[in-house]
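Worksheet for the structure shown next.
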Number of protein chains: 2
Amino acid sequence: MADRPRSRQIVDAARELLETEGADALTMRRIADRLGIRAPSLYKHFPDKQAVEAELIAQGLAEMADAQEAAVAAEPGQPLVALGAAYREYALAHPHLYRLMTAGPLPRHLLPDGLEARAALPLVKAVPDEHRARAVWAFAHGMVILELDGRFPPDADLDPAWRVGMATFST
Amino acid sequence: MADRPRSRQIVDAARELLETEGADALTMRRIADRLGIRAPSLYKHFPDKQAVEAELIAQGLAEMADAQEAAVAAEPGQPLVALGAAYREYALAHPHLYRLMTAGPLPRHLLPDGLEARAALPLVKAVPDEHRARAVWAFAHGMVILELDGRFPPDADLDPAWRVGMATFST
DNA sequence: CCTCCTTGGCTAACGGCGTTAGCTAGACAG
DNA sequence: CTGTCTAGCTAACGCCGTTAGCCAAGGAGG
C-alpha cells in the first residue's frame with residue numbers, strides 16, 4: 001500500500017504542505033486539494049491520517065540517519081561534535097518535520113522495522129555507554145526543540161551553548 | 001478579568017480536565033460542562049481558549065519556580081543535582097501540564113511580567129555562565145520530554161542518564 | 001418606584017476538522 | 001459479455017473554536 005504511485009503522491013503532497021505551511025496546514029482536505037481530489041478519496045490509500053504522518057516520520061528518521069552517518073564519516077576525529085552539528089542542521093532545515101518526528105509518542109507499529117535503531121546508531125557508536133548516550137541525545141533534542149520553539153531569549157547566541165554541552169560530554 | 005471568582009472556576013475546571021484526561025480533553029465544551037454552563041458563556045470571561053491555556057501555563061511556571069527554589073534551599077551543597085531532581089519530579093507529576101507549558105511557543109504577552117524569569121532564576125544562580133545554563137536546561141528538558149513521550153526504550157533506567165548528565169555539567 | 005445598563009447566561013449557527021457510508025464510472029479478467 | 005476491483009465522488013456525522021444575537025436578573029441613578 002505504501003509504495004503505490006498514488007500513495008507516494010499523497011505523501012509528497014503532505015510533506016510539501018507540512019514543510020512550507022506547518023502542522024496546521026497538514027489536513028486531509030488540504031492534501032487532497034493538492035492532488036485535485038476530495039478528502040474521502042485519500043482513505044482508499046491510507047487508513048487514516050496517522051498513517052500518512054507515519055510515512056513522513058519515517059522519511060525524516062531516514063534522512064536524519066543519513067545526515068548523521070555522513071557527518072561521522074566526514075569528521076571521524078570529533079564524532080560527537082559532528083553529530084551534534086548535523087543534528088541541529090537537519091532540524092533547523094526541516095523544523096515542522098522535526099517537530100512531527102519528535103512531538104508525542106512514536107507510532108512505532110507503523111514504522112519500518114529497524115529504522116528507529118538505525119537513526120540512533122551513529123550516536124550509540126560514538127558514545128558507547130548507553131546512559132551517556134541518552135544524556136547526549138536529551139541535550140541535543142532539548143537544544144533543538146527549545147530553539148525551534150523560540151524558548152531561548154531572542155538574542156541568545158546558541159553556538160556557545162552547543163559548544164559547552166558537546167565539550168562537556170566529550171570528556 | 002483573570003481573578004474574578006468565575007474565571008478562577010473556569011481555570012480550575014480546565015486544569016482538572018488537563019491533568020486527569022490530557023490535552024485532548026481540554027475543550028471549551030468540556031470545561032463548560034464541568035461548570036454546568038454552555039461553551040459560548042466562557043467567552044464572557046476569557047477572550048479565547050489560548051487565554052485559558054495561558055493561565056494554566058502561568059500556574060505551572062509558578063509551581064515549577066516554587067519547586068526549584070525549595071530544592072536549592074533544601075540541598076544547597078549540590079544545587080544542580082537538586083534542581084534536576086525537582087525539575088523531573090514536577091514534570092512527571094504533571095505530565096500534561098508540563099507538555100502544555102513547554103510545547104510550542106510561549107504566549108509571553110499573556111503571562112505575568114517576570115514569571116518566566118523567576119522560573120529560570122534558580123538555574124541561572126546555580127550556573128552563572130549563561131551558555132552553560134542553557135545547555136543544562138536543554139538537557140533537563142530533553143530528558144523529561146523524551147521520557148514523557150516514551151521515546152527511550154521502555155525498560156531504560158533513566159536515573160543513571162540523569163546522574164551522568166548532571167555530574168558532567170557539575171564539573 | 002421606575003428606568004437603564006451591565007453581567008452572565010442562553011440558542012443557533014458558521015466554517016473547519018477527521019472520518020464513514022454508500023454510490024458509480026471505468027478498467028480489466030475470465 | 002459479464003463480473004469484479006479500483007479509485008473517485010457526495011452527503012453526512014460528531015467533534016472543534018468561535019461569533020451573533022437574544023434575554024433574565026440585578027444594581028444604580030433619578
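Residue numbering restarts at 1 for every chain, and letters A, B, ... go by the order of the sequence lines. Because the structure is predicted, anything quoted here is derived from the model rather than measured.
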* Does the gap between the ring centers of B:Trp162 and B:Phe139 come in under 6.0 Å? -> yes

* Taking the six-membered ring for Trp and the single ring otherwise, decide whether the centroids of B:Trp137 and B:Tyr87 are under 6.0 Å apart. => no

* Asked: What distance do B:Leu26 atom CG and B:Glu16 atom CD have between them, rounded to the nearest 0.5 Å?
  -> 12.0 Å

* So how far is it from A:Leu121 CG to A:Gln68 CD, rounded to the nearest 0.5 Å? -> 10.0 Å

Report the distance from atom [atom1] of [X] to atom [atom2] of [N], rounded to the nearest whole Å.
X: B:Arg38; N: C:dT7; atom1: CZ; atom2: P; result: 24 Å
X: B:Lys44; N: D:dA25; atom1: NZ; atom2: C1'; result: 14 Å
X: B:Arg6; N: C:dT6; atom1: CZ; atom2: P; result: 22 Å
X: A:Ile10; N: D:dG8; atom1: CD1; atom2: P; result: 7 Å
X: A:Ile37; N: C:dA25; atom1: CD1; atom2: P; result: 19 Å
X: A:Arg8; N: D:dA7; atom1: CZ; atom2: P; result: 16 Å
X: B:Leu42; N: C:dG9; atom1: CG; atom2: P; result: 9 Å
X: B:Phe46; N: D:dT19; atom1: CZ; atom2: P; result: 16 Å

Using nucleotides 13-17 of chain D, report all nitrogen or oxygen pairs with the protein that are shorter than 3.5 Å.
| residue | atom | partner | partner atom | Å |
| --- | --- | --- | --- | --- |
| D:dC16 | OP1 | B:Thr27 | OG1 | 3.3 |
| D:dG17 | OP1 | B:Met28 | N | 3.4 |
| D:dG17 | OP1 | B:Lys49 | NZ | 3.1 |
| D:dG17 | OP2 | B:Met28 | N | 3.0 |
| D:dG17 | N7 | B:Arg29 | NH1 | 2.7 |
| D:dG17 | O6 | B:Arg29 | NH2 | 3.0 |

* For D:dG8, does OP1 or OP2 lie under 4.0 Å from any side-chain N or O of A:His45? -> yes

* Asked: Counting just side-chain N and O atoms, does A:Ser41 come under 4.0 Å of either OP1 or OP2 of D:dC9?
  -> yes

* Any idea how B:His141 and B:Tyr98 line up, ring-wise: parallel (<30°), tilted (30 to 60°), or perpendicular (>60°)? -> tilted

* Do the charged groups of B:Arg163 and B:Asp157 touch, with an N to O distance under 4.0 Å? -> no

